[in-house]
Structure formats: structure tokens, C-alpha cells
Amino acid sequence: MTSRNRIPHQLEPYLRLPPEASLIVLTSTLGCSATWLTARFVSSLLDYTDDEGGETAVVLASWLRDASWWKQELRRAAGTDVAKSVESKRLTIVDFLCNDNGTVLDTIESTLRTAITTAKQGTRKVTLILENPDTLLALGQTTALTLSQVLLKLRTLVHATAVVLSADLPLLEAASEHAEKVPTPIEAETAAFAVQQAHQAGYVISVRELDTGAARDVSGVLRVTMGGGVYGAAEGTLAGKEMEALYLVQRDGNVKVFERGSATF
Amino acid sequence: MPPTTSQHRRTHNLLLINKLLDQRDATSPFTLVLDSLEQSARPLIAEYVRRAKITGVHVFFVSSETLSKPLNVDVFVEAWNQTLQSWEKSLQNELRRLQRRRCLIVFDSLYQLCATPDSNNLPALLSSFIGPTTSLLAVYHTDIGRPSARTPLHQNVYAPSPLTLLRYLATTVCTVHSLHHVLERKTARDRSHIEPSFGLAEGKEGVLQSLGANGSEGVVLEMEHRRKSGRGIREWYYMPVVTYRDGPEGSGAKDRTAVMLLDDHPLYRTPEHDRAAEPSEADGTFELGLTAKQRQDRDGVVLPYFDAQTGGGEGGRILYDMGSEDDFDEEEDEI
């Protein structure tokens, strides 16, 4: 099966190569993982070819899952030819989970810089995907301010950026206007980072559990909203509109996206 | 609401918002824009910058989180890539160089300045830029939370939050709202339902934004302007968003966006509101009232029985003096 068929057609406009200098925020919760979405995003980016025959490349950095896990997931869920893409340096997986220096911000920045330069090979349009950099905030390694500054520096090097963040309630509570108690530093930093990134984002794509609880034929709710960055895009190249739908990840890794109330099959 | 009041608001407050957006006569030296994930301040900032460009105001954009230079900006300062001292110094130098020209300094987010450990005195920093020809326009994300304590404890606990301080300093506070959300809230209010909450305020697991956030049509502005006299003016406006798709920079950029009162927005106006504003007779298909002139003419008609009482009657004829507005018909009318 080709990777194109693996992407539900409803999601295609959102997983295309984003406009230049844009940011996409993907959020997940503890009960609802966004790895299937990230894997499909990577495969969609690798499949992309523009009119001039320009190539794309992806640098995927993860703090929560190791490189071999990602290779397997990309192959299984999205049908990506991982070996070929890694060989041609179009896909670079940076594993910060098994890396001893994966929590040191300076090392992270320099590692990613090197990976981006290697992937670029002159003219390639590189998309940087960071999976859960908010882990660094949870570990108390840095502040939202410093992390976002590093992210901005990295964003200047690449074509577009996607950040996967956790949007569990305790991590966002400090951002709510009605927060009654004084938040702990970790609460304040994670909330500030997530909110700040969403203010910059073109799309905010979030997955969450069903309000009514777990169901056998629904894995969760997927919602796409417009972040503050939607006004910045000078050419207005963000094609998709906001949407909300249910999705089901099947045992074979296939994903179905369907409207609320409509039958799955 | 009586029609006179809304007419008054329409003329005065629309004049005021245009004056503020144009930054005319230093109406507001420090404008604070409060935004949230549900509605970004960017369209409003873009409008300020666009109008500044038209009137020849020099625009500085101090970026704490914006990657690339926005449209129409003259000088783009990458504050995220350098220390506070270094960009502050270069900005001050630039301002000194342009002493005579009118300048607008835009801050895309003040959170970073509040959170930087060496910017303990944000008010002093901001006021150091304000001058007779320079005004400030700054954005604060209301949902970003208070920067966590990094400075010694006693300073933080009793000090007001940065947002409180900024609100106190600002000469104009503009809060942006999503049109979709404002309409939803109003509908709920009209039906005596509890007003819905959106985005982070919903407190739902996994929800950062609600559907309807950052709409592409327009923005609702809640403006509070403090005059020099101390009197405050509050008004709600609707501002359509100018999309750059309509034309590149230059073409069509000359005309100003037509800001209107929120009450005048067709989707916000309720049918009941319309009816109350118009006279009650408007329900019929013809006019039931009398004008002063009509009443006067009617009083002038001498009815036949009055005529008969004076003795000179000629048998029930109606005597009527033709007025200028009467159309004399030779066949029907005889006098």
C-alpha cells in the first residue's frame, strides 16, 4: 500500500507541506496519542514534490520515543520507506531519549543545527518536527522563554516547523484566566510554552478523548483550529479550514476519519 | 436605546477609533492590546501598521516571538536573538536619529519582557521609549499566565502582576474578541441561557482552542480609552480583517478598513432591537400619524352643521379652501 492511501483524505490539506516560515502545533493528551498523525505528516512531507522537482526533507526529533520505535511506526502506520529515506538523508531521526545530552539545551541546539544542515543539502525544503520538547520544561531543565528563543533560532534555518505538545489539563491550567491558586513553576512554564506556540501557529491540530468516555469504535476527537499565525501568512497559503471529526485507529495501523454521528464503515 | 444616543455614539466613537488607529495628534501614547488564543491581536496590529504606512509614520517592530518581518514594517528588531540591553540601545539610537519623525513602536508580546530576569522595571523601560512623536503599541497574551518567580521572593509576592501594571499605565486598552464567540454569547444571553465559554476557559482535557477562533472575516474590539481629563470611554467595535489575498501591498491598501460599532453589525443586531429603534407606526403599510401641517389644515375645515347653525347654510355643502398641495380636478371638484 502506498503511503498516500494511508492518509485519510479529510486530513490531506493539513498535512501538506506548510507555507514557508510557518509553525504547526499538534497537541495530544495522555489518553490520546498523536503519533499516528505525526507519522502521517512525515510521510506526506516526504512524498511531496513541487513543480520544479525540488526535494523535501524531514528532521524528526523526539524526547519521548527512541529512533527504532519511530522507524517502525513510520513503516507500519504510514508506509514510509524508512531505509531509503534515511539513506538519502531525506529523513533524519534525532533521538534525544537515548542521548545522554538530550536534556542539555545547548547540545540540543547544536545537534539539531547539524542535522538540519545535513538534511538541507543545499536546496531541500526541510521541515523540523519536534516531538514533545515540553519534556525539557517538565524536567526543569529550562524555561519557556529560553526554549521558545531556541526554537525561533532553529526555525530560521528550516522551511517550516511542527511541534508536538502535551495538552493535558494540569499542564494548561496555569494558562486559564480563572486559575485560582498560584501555579508551580512547571505548571506555569509548560502552559506558557504551549500557549505561546499556539499564538504563532498556523494550524493547531489537537487530538483528545471523547467527552463521553472510551468507545470501541472511536479512538478520539480530532480538531483543527486556526492559530494566531494564520493572519501572518502573507500569501494566505494555508489551504484548510477549521474542522472537527472523530477518528479510529485500527489494529493494522490504518486510520479512519469520520463526521460525528456518521457510521464508521 | 433611544435613537439619539446611538447616533451620538456612532459619530463620536467612530471618530475616536479612527483617530486612535491613525495615531493622530498623539491621542494615545501607549496602547495595550490584550489578546488570547481565541482571537489573536495580529489583524489589529496589521491595521495599525498599515495606516501608519499610509500616513508616513516610521514603524519599529520589536519581535519577541515573530519569526519574519511583517508587512509594511520599517525596522524589524529581533529581540529574541539578542540581549535586552543590546536591542534597547540600538532602538534608542534609531529613535534619536529620527527625532523629528513620528514613530510607532510595536511589541508583539510583552510576556517575554516581563519574564526576562533583567527586566525588573518594565514600566520604566516602556516609558523610556515614549516621546512627543513616539507612541507605543504593545500586545499582551492574557492566557499566557504570570511569569514564574525567578527574582527574590519578597519582590514577587507583593508586587502587582505585570498585566495589572500595564493596564494601569496604558492610555488605551483594546481587548480583541472572536466574532464567532461574541455572537454565540449574545445568542445565549438573548435566550437567557448561561453564556458558553471557549478554548482554555472551557477547562476540557486536550483543548487549546475552540472552533471559531481566529475567524477570517473580522475582529471584535473592546476599547477603553482614557482621556487626558481622566474620563474613560468604552465602546465595542467590529473591524473587518483585510486579507492580503485581495491584492498585494499598495493596491487597495490606501483605503481604510471601515470599522463599525458592534451594535451596527448585521449579525449582532437583533430583530427586537430594530423594532424598538423605529416608531411603532411602522408596522402598518400606511401612515397613521399626522404632521403639524395636516393637523392645522384639518382644523381649518368647516363642517356642514356648523355652517347651518350660523343661518347662511346652503344645504349640507362642505366648504373647503383649497391648499397649495391639493390637486384640483375639473371633472370631480366644483366650488
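Note that these values count all heavy atoms, side chains included, but never hydrogens, waters or copies made by symmetry. Below, chain A is the first sequence line, B the second, and so on; all start at residue 1. If you're wondering where the values come from, they're calculated on a predicted model, not measured in any experiment.
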Engaged part of B/S210 at the chain A interface, taking heavy atoms whose separation is under 4.5 Å: both

Residue A/V224 versus chain B: region with a heavy atom under 4.5 Å: backbone

Residues two or more places apart in sequence or in another chain: which of them pass ring-ring contact (aromatic ring centres under 6.0 Å, His included) with B/W87? none

Between B/E202, B/E78, B/K204, B/E65, which shows the greatest number of heavy-atom pairs under 4.5 Å with chain A? B/E65

With a 4.5 Å cut-off on heavy-atom pairs, point out which of A/L152, A/V195, A/L30, A/T29 contacts chain B the most. A/L152

Chain B heavy atoms under 4.5 Å from A/R155: which part of the residue, side chain, backbone, both or neither? both

Does the ring center of B/H141 lie less than 6.0 Å from the ring center of B/Y111? no

At a heavy-atom distance under 4.5 Å, which candidate from B/L211, B/D35, B/N81, B/L200 has the highest pair count against chain A? B/L211

Please state whether the side chain, the backbone, both or neither of B/Q39 comes within less than 4.5 Å of a heavy atom of chain A. side chain

Do B/I105 and B/L137 touch side chain to side chain, with heavy atoms closer than 4.5 Å? no

Minimum heavy-atom separation for B/P123 and B/L169, please, with both atom names. CB-CD1, 3.6 Å

Salt bridge (charged side-chain N to carboxylate O under 4.0 Å, His left out): which pairs involve residues 127-144 of chain A, sequence neighbours left out? A/R65-A/E131

